[in-house]
**Q** 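Sharing a structure, written as structure tokens. Questions coming.
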Amino acid sequence: MSTELVKVTINAKDFQVPKGARLIDVCRENQFDIPSFCYYADLALQASCRMCLVRIEKMPKLQTSCTIICTDGMVVTTQSEEIEKARRSMLEFLLANHPLDCPVCDRGGECELQELTFDWGNLEERFIEQKNARAEKYLSPMVANDPQRCILCKRCTRVCDEWMGEDAIEAGNRGANTVIGTYGGWLNCSQCGNCIEVCPTGTLLDGTYRHQARPWELTQTISTCTYCSDGCQMSLGSRGDELMRIVARDRYVNGLNGEFLCIKGRFGHPFVNHEERIRTPLIRYQKGGRLVPATWDEAIRFTAQKLDGIVAARGNNSLAVVGSPRLTNEALYCLRKFAAEVVETENYAVADAFSLKPFFESLGGPLATHQDIRHAKTIVLIGGEPEELQPLTAKQIRQAVRNGGAKLILINSVPIRLREQAAQFIHIRPGTENAAALALAGNADDALAARKMGVEAAELEILRQTISETQGDVVLMFGGELSAEAQAVVAQMPYTFAGEGRRILLHPLALFNNSVGALDLDVNGKSVSDLLDAAGVSIHAMYMAGSLLPEHMPKCGLSKLDFLVVQELFETETTAFADVVFPAASFAEIDGTFTNNDGFVQRVRKSIEPVHQSKPDWLIVSELAKELGVDFGFERSASAVFREIAERIPAYADLRYPLLKDESHPLQVKHAIASKRELAKEIAGIRRAVAELSDDGVKVSETPQVGHELFKLGTLTDKVPQFHLLAAGNPTPASFAISPLYQITIDEGIKREKAVA
Amino acid sequence: MFIGAIGCEPLQLRRVHLENSRWLDVYRRNGGYEAIKKVLDTMSPDDVINEMKKSALRGRGGAGFPTGMKWSFVPKDSPKAKYVVCNADESEPGTFKDRYLMERDPHMLIEGILIAAYALGAKTNYIYTRGEYKYLIDIMDVALDEARAAGLLGNKILGSDFSCEIYTHTGAGAYICGEETALLSSLEGMRGHPRMKPPFPAISGLYASPTVVNNVETLTAVPDIIKMGGEAYQKLGTEKSGGTKLWAVSGHVNQPGVYELPMGYDDMEKFIMEDCGGIANGKQLKAVIPGGSSVYIMRADQIIGKDVRMDYEGLVAGGSMVGSGGFIVMDETVDIFESTKNLTEFYKHESCGWCTPCREGTDWLVKIFKRIENGGGRPEDAQLLLDICDNIEGKSFCPLGDAAAWPIQSAVKRFPEDFEKHLVNNSRGESKHKGELL
């Protein structure tokens, strides 16, 4: 859209609007009510519901305002008898075959058809004929379908295609018999449920929440997702002390993700009220004994005494403190403070899958926000698989390509699904991702890089050429495959490629919801593997908030510790070694902040009271500190913790909870930008490492199955029964009429592979 | 069945009676492929388009848009490929003229497409037929092979620098695929849904490239226009509607068939009563649908003695439209309620389901017709039918909605007596209502 203005007259009032503006948007921005169902921002135009008809002078028929681009001198009428009749008649048509039994429909109360019927419905129903009846059914463990409520706005099929690139649902049959259906009856897709979200009626419904609550019974709390680093904003619907559902519906929440959520964000919440949550503090009085329930006072006192004893006997550094990248900034800050100021140990680490520390130390330009990705002109993705690990980023990439004409350059050892959108797919040998950093740095090592990657050197030339010829934004993304040196080289690329009319933005694909925040707060942090290696040698006690990742478990050395404290929601492989377990409150029960991969600090808000006796992680640490003689002074206020973060951590300076309250305008952390520097050492290091790689690694030719990461059962998703069906390959049940959970027994018999993440 | 010209020399139907008329040598012996030679030897693309404009040829598919104008909308400087697509979907009920042209004179169509492709700079062209015309595809493919072998198609046509190719493609039997944008969707391999206009196909059509979609009869007129010159062709007809037009006559006439008439033929009564041999079995004329099922139905008294001229303007003045030229004649035995129900069921069946008014409206209309037929008619149903049609007309995504509404609107208004007997009588034939229907 240009900055040039054109004059549009709407209902006899003149407006100056940007040239190229869409009439329906202009009308709505100026408070002229235009009803619509099929119009949905940033999806392909449909113009099929015909609700948004307006009269435009010099045009013979009424026009759909969603398809009209404003031109200078356009004279528009949005309110007249003719238009009212047209809108009322469209609604009459839509209601003709729609059941009028809102009280039994899950969408009743937040249904767009219901709302527009209040505005535009007729008092009297002229349709006295028999309605076309169609049976309710399930499309998948997650998606329930009541086809006769469908008004065929096709938002669902468009998000499935345009957002997800899956095209798993499509309209079948013709005319009045048109139904939204799946290919082959059973929905085999990533089960994101975005079709449910965008459905304006009760046609596509959350199969896990079906008939459990009415929308008006729910308290909506805006919060941030606890799964991946995209940091989607969501609305937690709770009734009493129970979290009932999660949606991103724009009537409740307007975050960076719009109405997008992935399967984990939308359906992965039943762990919150799960019966296996740890209910009280637990103490193992003797090694080899059982964990026995204890009171908070007893457990805190016991832990304090033990820690005191170990520190006195073995020194401060015999104690290690380990945080989790899933915790809030507040919890991680208190943990670090606990390590530095209470037990005064140098051994503090965050148990992340990989560290982005080298990247942030060399950061040569701004981080790309998700909005930037959507409007980028070139996107380079090295390694990673955002479709499975950062689904919102994947959606933004897809839309940038499909709707914005961006060029996607994929450098991956696996033909991941995003390849379908890629203008250039550099299919490399597994483990040679670092060579991509060499190629970005210059053409000196092209021969070596191309040989090791198993590609033509010309492909690397095209890569550099595409970046340096781009007008607009270039986003460089990378997954966890890059070495520290390669991360540093990529981080410095803004200095290499930025130019007139071209910004180079960086987007690290961190794995966890607060990987970036954990790094921001982690001054002088150590590697968790080093600490685990030292267990029983120089480290004799550990204090952990959250469990270790599965990859840390095999030789974790936890059994060699004299004393292990773990804050957790559930009993895990880590708590099996613990001497004290504190019940921690989940993200739905606490206030706090997460920092996402855009660098946005976003609020986590308390939706329900902490279940059982659990407490927020930061509060547990604070109470223990108090017992050990140090009062953090935060009382019971997460806001106070954050205020101290803002005072102590330069990147978070001046941020306060009140400034973070509007989820539609998230604030970015002010990461320090490193100056341009000589990369010769790093490049030499990468060159050496690349030269040692084999010349004949076999490339992966198969596109991985949808959900191969998303459906894996982790500690949290393991608590959702539907995930077990998906992890087992989403078997087709005998009947679609009832939930597959009632038809398929989840046991070893249906597991297709070891489904433990 | 009559196939031939009335009131003029046969132009489009000139060769259909010849033995082996579909073969290349017959076509060539009878003036075939002279036009393309003239074009390649002596004319620039602009010359061709100018001739087309002069000819006042209006698109024969139904909308009657001036063909030369349509061609001139294709941007000359577009770097994209350009396409000519022949709409041979001919799915309008009552229309069967294109099939005779393709069946008996396929090379005329090929030559027409070649000239259009030359004028527009198209290298790849398609003939899209309806699914039921499978046998025509076979005929066309043979003709295309013949033309290719004779150097009339493919590389360097007739030794010139002009090269182009024509492919055949069949639909799967959907009426909507006769609508040009739905046809393009179908041709691209997608669901046959209409597309938003603008952009019009001339700017962004097949594969988002400049495309001209023309009816068979439109394209087969092109060789003659080139040969005789646009002006001469126009003079065959009227000032605004040049040339001749094929009428596919069916129904209760003694001599149904495909009639070639000069545009502006005077008049419809004479055409029915004399040229078509009058009404069969000595019955009286009751109604005519002159331009395929989607146009207004005409009462006999709108025709008899009314001097209805048979061209675009004349038929509009007479209360209907030329449409596709599917000329359906009905005698006094026809119950217009029944015939309208039949058509409504067709539109309901063929509604693609994309937009609300057409999808839900046609479904509702059929339900009402069925209820009335089963004795559940109410006097207010006539007004209800009209109101539903009014709510569909002009508000649907593509013209199919209008096409569904017009026959009902005209039938209810022009034949109220046929509706009245269904609406005010119950299933036992007893009157339920005394009073004005409309």
Side-chain angles (χ1 to χ4, degrees), chain A residues 36-38 44-55 59-64 66-69 82-83 85-98 113 122 125-132 150-154 157 161 167 170-180, chain B residues 172-177 182 190-199 345-372 374 376 378 380-381 383-385 387-402 404:
Chain A
S36 77
F37 291 109
C38 69
L45 284 178
Q46 177 92 357
S48 68
C49 76
R50 318 304 285 179
M51 285 298 293
C52 68
L53 291 169
V54 295
R55 170 63 67 187
M59 294 205 187
K61 297 177 182 177
L62 294 177
Q63 299 290 321
T64 45
C66 65
T67 60
I68 299 290
I69 299 295
E82 167 197 44
I83 292 165
K85 177 172 190 292
R87 289 183 186 162
R88 285 190 186 280
S89 67
M90 291 311 131
L91 212 70
E92 184 181 35
F93 284 139
L94 288 175
L95 285 180
N97 282 306
H98 188 96
L113 182 61
N122 291 326
E125 200 193 5
R126 295 193 295 175
F127 183 88
I128 57 167
E129 270 61 43
Q130 182 128 22
K131 290 176 189 274
N132 300 333
C150 183
I151 57 170
L152 289 169
C153 67
K154 294 196 187 158
T157 64
D161 183 18
D167 210 2
E170 208 14 290
N173 298 343
R174 195 168 72 184
N177 298 320
T178 312
V179 283
I180 299 299
Chain B
Y175 173 65
I176 188 64
C177 290
M190 295 189 288
R191 214 178 142 87
H193 275 315
R195 299 179 186 174
M196 211 121 37
K197 286 196 269 191
E345 281 175 342
F346 169 81
Y347 288 111
K348 185 229 157 176
H349 184 255
E350 295 298 344
S351 169
C352 77
W354 183 266
C355 72
T356 304
C358 178
R359 177 185 70 238
E360 300 294 339
T362 53
D363 184 51
W364 188 2
L365 288 167
V366 166
K367 283 175 177 171
I368 292 173
F369 271 106
K370 284 190 172 161
R371 170 165 58 76
I372 296 171
N374 293 331
R378 308 168 304 173
E380 63 266 35
D381 284 335
Q383 201 56 57
L384 181 61
L385 286 172
D387 196 51
I388 294 173
C389 289
D390 183 51
N391 291 340
I392 299 173
E393 184 197 3
K395 298 171 188 73
S396 56
F397 186 88
C398 82
L400 200 152
D402 299 339

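By convention in this document, chain letters (A, B, ...) are assigned in the order of the sequence lines, proteins followed by strands, and residues within each chain are numbered from 1.
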**Q** Taking atom CZ of R174(A) and atom NE2 of H193(B), what is their separation to the nearest 0.5 Å?
**A**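 Interatomic distance, R174(A) CZ to H193(B) NE2, rounded to 0.5 Å: 10.5 Å.
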**Q** Could you tell me which non-hydrogen atom of R50(A) sits nearest to which non-hydrogen atom of F397(B), and how far apart they are?
**A**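 Closest pair (atom of R50(A), atom of F397(B), distance): NH1-CD1, 3.5 Å.
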**Q** I176(B) versus chain A, heavy atoms under 4.5 Å apart: side chain, backbone, both or neither?
**A**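 No part of it gets close to chain A.
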**Q** Kindly compute the distance separating CD (E360(B)) from CG (L91(A)), expressed to the nearest 0.5 Å.
**A**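 Output value for this atom pair is 11.0 Å.
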**Q** In Å, rounded to the nearest 0.5 Å, how long is the span from CG of D387(B) to OG of S89(A)?
**A**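 Separation between the atoms: 8.0 Å.
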**Q** Can you confirm whether R359(B) sits close enough to L94(A) that some side-chain heavy atom of one is under 4.5 Å from a side-chain heavy atom of the other?
**A**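 Yes, side chains in contact.
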**Q** Which atom names give the shortest non-hydrogen contact between S48(A) and W354(B), and what distance separates them?
**A**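 So the two residues come closest at CB-O, 3.0 Å.
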**Q** About how many Å separate CZ of F127(A) and CD1 of I388(B), when rounded to the nearest 0.5 Å?
**A**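 Answer for the CD1-CZ pair, I388(B) versus F127(A), is 9.0 Å.
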**Q** Less than 4.5 Å apart, side chain to side chain, heavy atoms only: is that true for I128(A) and R371(B)?
**A**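 The answer is yes, as the side chains (C-beta and beyond) meet within the 4.5 Å cut-off.
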**Q** Does K395(B) use its side chain to pair, donor to acceptor, with the backbone of L62(A) at less than 3.5 Å?
**A**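 Checking the backbone N and O of L62(A) against the side chain of K395(B), no donor-acceptor pair under 3.5 Å is found.
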**Q** For residues K85(A) and D390(B), report the shortest heavy-atom separation together with the two atoms involved.
**A**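 Here K85(A) and D390(B) meet closest at NZ-OD2, 2.9 Å.
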**Q** What closest approach, in Å, do G353(B) and L152(A) show between heavy atoms, and which atom pair accounts for it?
**A**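 Closest pair (atom of G353(B), atom of L152(A), distance): O-CD1, 4.1 Å.
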**Q** Give, as side chain, backbone, both or neither, the part of R195(B) having an atom under 4.5 angstrom from any heavy atom of chain A.
**A**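 Neither part.
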**Q** So do the side chains of F93(A) and I392(B) get within less than 4.5 Å of each other, counting heavy atoms only?
**A**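 Side-chain contact under 4.5 Å: yes.
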**Q** For E393(B), which atoms come within 4.5 Å of any heavy atom of chain A: side chain, backbone, both, or neither?
**A**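 Nothing of E393(B), per the 4.5 Å heavy-atom cut-off to chain A.
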**Q** Which bit of Q63(A) comes within less than 4.5 Å of chain B, counting heavy atoms only: side chain, backbone, both or neither?
**A**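 Neither the backbone nor the side chain of Q63(A) comes within 4.5 Å of chain B.
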**Q** Under 4.5 Å, counting heavy-atom pairs only, tell me which of A47(A), A86(A), P60(A) racks up the most with chain B.
**A**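 Looking at each option in turn, the highest pair count goes to A47(A).
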**Q** Of the backbone (N, CA, C, O) and the side chain (C-beta and beyond), which part of S396(B) lies under 4.5 Å from a heavy atom of chain A, both, or neither?
**A**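 Backbone only.
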**Q** Check each atom of N132(A) against the heavy atoms of chain B and say whether the ones under 4.5 Å are side chain, backbone, both or neither.
**A**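 Both backbone and side chain of N132(A) come within 4.5 Å of chain B.
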**Q** To the nearest 0.5 Å, what is the distance between CG (N97(A)) and NZ (K367(B))?
**A**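 Interatomic distance, N97(A) CG to K367(B) NZ, rounded to 0.5 Å: 4.0 Å.
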**Q** Take atom NZ of K370(B) as the centre, draw a 6.0 Å sphere, and report whether it contains more than 12 heavy atoms from other residues, nucleotides or ligands.
**A**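 Count not over threshold, so no.
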**Q** So, does W364(B) use its side chain to make a donor-acceptor pair with the main chain of E129(A) at under 3.5 Å?
**A**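 A pair under 3.5 Å: no.
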**Q** For the CD atom of E380(B) and the CZ atom of R126(A), what is their distance to the nearest 0.5 Å?
**A**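 Going from CD on E380(B) over to CZ on R126(A), the span is 11.0 Å.
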**Q** Work out which heavy atom in T356(B) is nearest to a heavy atom in C49(A); give both atom names and the distance.
**A**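 In terms of heavy atoms, the two residues are closest at OG1-O, 3.1 Å.
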**Q** For D381(B), is it the side chain, the backbone, both or neither that has a heavy atom under 4.5 Å from a heavy atom of chain A?
**A**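 For D381(B), no heavy atom lies under 4.5 Å from chain A.
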**Q** Pick from A176(A), A96(A), G175(A): which one has the most heavy-atom pairs with chain B under 4.5 Å?
**A**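 When all of A176(A), A96(A), G175(A) are compared, G175(A) has the most.
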**Q** I want to check something: taking the side chain as every heavy atom from C-beta on, are N391(B) and R88(A) in contact at a cut-off of under 4.5 Å?
**A**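 SC-SC contact between N391(B) and R88(A) ruled out.
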